[in-house]
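One structure is given here, and the rest of the page talks about it.
Keep in mind that this is a model prediction, so the values were computed, not measured. Read the numbers this way: they start at 1 and go in the same order the structure lists the ligands and their atoms.
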Amino acid sequence: MTQSAVDLTAPCPAPLPELAGNATVRESAVVTHHGAGPDAAWWRQAVIYQIYPRSWADSNGDGIGDLPGITARLDHLSRLGVDAIWLSPFYTSPQADAGYDVADYRDVDPLFGTLPDADALIERARELGLRVIVDLVPNHSSDEHAWFQAALGAAPGSPERDLYMFRDGAGKHGELPPNNWQSVFGGPAWTRVIGPDGRPEQWYLHLFDPKQPDFNWEHPAVRAEFESVLRFWLDRGVDGFRVDVAHGLIKAEGLPDAQERTTMLGDTVSDHERGDIDDTDDSGDGYRVDTPYWDQDGVHEVYRAWRQVLERYGAPDRILCAEAWVEPQSRAVLYTRPDEMHQAFNFDFLQTPWRATDLTAVIESSLRAADSVGAPSTWVLSNHDVVRHATRLGYTPGHRVPNGISAGDPQPDRALGLHRARAATALMLALPGGAYLYQGEELGLPDSTDLPHRLRQDPTFARTDGAEIGRDGCRVPLPWVSGAPGLGFGPSAATWLPQPASYDGYAVDRQDGVAGSTLELYRSLLAARRDLSLGTASLTFVEGYSGDVVAFVSDAEARDRVLVVTNLGAVPVALPPGSEVIVASGPLVDAGVPTDTTVWARWA
Ligand code: GLC
Ligand code: CA
């Protein structure tokens with residue numbers, strides 16, 4: 001198979017012949033995780049699908065996705081079989097960071113529609129049985145937020161300035177930034193204000209772009225404002241919030257210098273400098289970089305207060321999910337203690353190289369860490385900030401996939417990446433807890449890896465002078481209709497980023513109803529996951545396979561026992577006698593489960 005001819009229509013798995021030779025395969029005596037049981041709250045097992053509004057579907061032909069576009073296509077998701085959607089920000093914003101720079105937390109940007117459009121979306125989702133999670137961006141606002149504009153217009157030391165992080169500069173004349181903190185997007189994390197008389201005066205902190213000033217979370221008015229924003233959206237009927245940069249709100253007292261700079265993915269620059277080899281040492285407990293603006297203990301008080309706000313809305317539960325790039329896992333799960341958030345993203349799983357021993361280890365440690373606080377683990381492989389897993393897995397395991405890929409970089413093996421991505425997803429969707437999908441992964445979409453630099457919009461690209469390519473490659477508008485202008489993204493041919501020619505082959509209509517297509521695989525996995533209650537099942541690892549295999553048994557009350565096998569080795573592995581295949585991520589062979597394939601099987 002050539003790189004461009006990705007096989008989206010591989011045949012359906014055939015029933016496996018019974019094989020001898022696996023008599024040694026048996027369940028471990030130790031149950032790694034005890035299931036939450038059939039009565040568990042919805043969010044303990046939900047599959048939540050991330051919609052990136054500007055790239056999902058465009059209703060008015062301007063080339064940018066919008067809320068009416070989403071509403072019109074929501075049935076795609078009820079057919080897919082997910083439980084909920086999470087919408088990246090659609091609020092009023094100058095779009096300096098694609099909407100993660102919010103100027104008004106209580107309104108919709110005209111680019112995406114109106115408040116009534118948001119209401120209509122929530123209502124349609126409700127009709128289709130989909131819950132709705134919205135994004136909340138509390139660490140920073142846009143510099144065009146009314147509060148920041150007022151702060152700029154007010155004097156140093158004024159109450160207006162106290163809502164953000166203004167400081168006098170260091171150096172004789174305040175000409176140096178207050179400390180050495182660097183922006184996640186590159187460059188200093190401080191920008192100097194120019195006063196009305198044209199003279200430079202104080203500096204303000206922005207952990208991200210200069211157009212994203214950090215709030216002062218020590219200030220009660222900031223806390224009260226966000227509790228009010230929560231209620232605003234809860235009253236409109238949303239089921240919860242994904243909390244952006246949840247580990248960043250509180251800064252260490254006195255704002256001491258930091259040891260290193262953090263990039264997207266929570267990597268430190270010193271990690272990057274180690275080169276291309278990922279030795280995975282950063283997923284083990286015991287490793288912690290003390291950074292004065294991440295994961296300060298004070299953040300937890302904020303989330304305890306928010307939990308109280310949500311609890312007042314009664315049943316069914318409204319939820320909070322933390323985006324917190326925090327190591328080690330024992331610190332990350334503190335965000336999901338019983339009186340704080342319900343879930344946190346499990347980025348350790350996303351960052352684990354395609355190696356069976358590493359995957360087994362991260363599954364086990366994630367479940368144990370989440371269990372230690374009584375929270376469900378979550379699982380995720382792709383989102384709007386990382387290279388899509390169908391592309392990531394097209395590199396040799398251990399190759400450190402950078403923040404974005406350009407035409408000049410080594411290119412992934414697309415067919416291999418897709419094959420592994422299907423196996424990885426099938427593994428993920430068998431795991432107990434919550435799972436997050438990112439739009440387009442159900443089509444097997446790869447990143448666009450050859451966008452012209454002049455079209456790049458991620459601020460990271462400009463702020464690092466192109467040293468980091470940035471996240472545009474995973475944000476390209478979705479292909480809905482093969483051969484149509486803009487591949488059916490909207491009523492015109494316009495798309496805010498160009499779609500690679502290969503996207504035609506991934507369009508929804510090319511895969512709908514096609515046996516073996518990635519879309520049909522996702523539908524089968526999600527249906528079987530629900531049928532078999534895998535999200536609330538117990539998990540016990542299976543012994544007897546080689547170290548190239550991830551294998552466990554999922555056992556739900558009053559359901560079939562399900563054996564899950566992912567083979568990452570070079571030779572096929574057999575299933576135990578008497579097992580019956582339910583779903584497989586790719587074609588099986590006579591000798592059993594081939595390389596880079598996941599099977600779910602009934603095991604008596
Ligand atoms: C989060 C978002 C990312 C954004 C950043 C700043 O990491 O996922 O897209 O750029 O926060 O808000
Ligand atoms: Ca539009």
Rounded to 10 degrees, the angle OD1 of Asp58 makes with OD1 of Asp62 at the Ca ion (ligand 2):
90°
Which is it for Arg242 and ligand 1 at heavy atoms under 4.0 Å: side chain, backbone, both or neither?
side chain
Non-hydrogen atoms of Arg475 versus ligand 1: any pair closer than 4.0 Å?
yes
Hey, which atoms in ligand 1 end up nearer than 4.0 Å to a heavy atom of Val245?
1 (C), 11 (O)
Does Ser59 bring an N, O or S atom to under 3.0 Å of the Ca ion (ligand 2)?
no
With the Ca ion (ligand 2) as the point of reference, which N/O/S atom of Asp66 is the closest?
OD2
Shortest non-hydrogen pair, Ser59 vs Gly69, comes out as CB-N, 3.7 Å
Ile64 N/O/S atom closer than 3.0 Å to the Ca ion (ligand 2):
yes
Whether Glu301 and Arg223 form a salt bridge (side-chain N of Lys/Arg under 4.0 Å from carboxylate O of Asp/Glu) is what I want to check.
yes
When only distance counts, is Asp244 in polar contact with ligand 1, meaning an N/O pair under 3.5 Å?
yes
Show which atoms of ligand 1 fall inside a sub-4.0 Å distance from at least one heavy-atom site of His140.
6 (C), 12 (O)
Within the 4.0 Å heavy-atom shell around Asp97, which atoms of ligand 1 are there?
4 (C), 5 (C), 6 (C), 10 (O), 12 (O)
Do Arg331 and Asp295 meet the salt-bridge criterion of a basic N to acidic O distance under 4.0 Å?
yes
Ion pair check, Asp83 and Arg131, cut-off under 4.0 Å:
no
Got a salt bridge between Asp504 and Arg510, using NZ or NE/NH1/NH2 to carboxylate O under 4.0 Å?
yes
Under a 4.5 Å cut-off applied to non-hydrogen side-chain atoms, are Trp294 and Val326 in contact?
no
Taking the side chain as every heavy atom from C-beta outward, state whether Leu443 and Tyr522 have any atom pair closer than 4.5 Å.
no
Any heavy atom of Tyr52 under 4.0 Å from ligand 1? The part involved is neither
Mark up the atoms of ligand 1 that fall under 4.0 Å of a heavy atom belonging to Arg471, in ascending order.
3 (C), 4 (C), 9 (O), 10 (O)
Salt bridge or not for Asp66 and Arg54, using N-O below 4.0 Å?
no
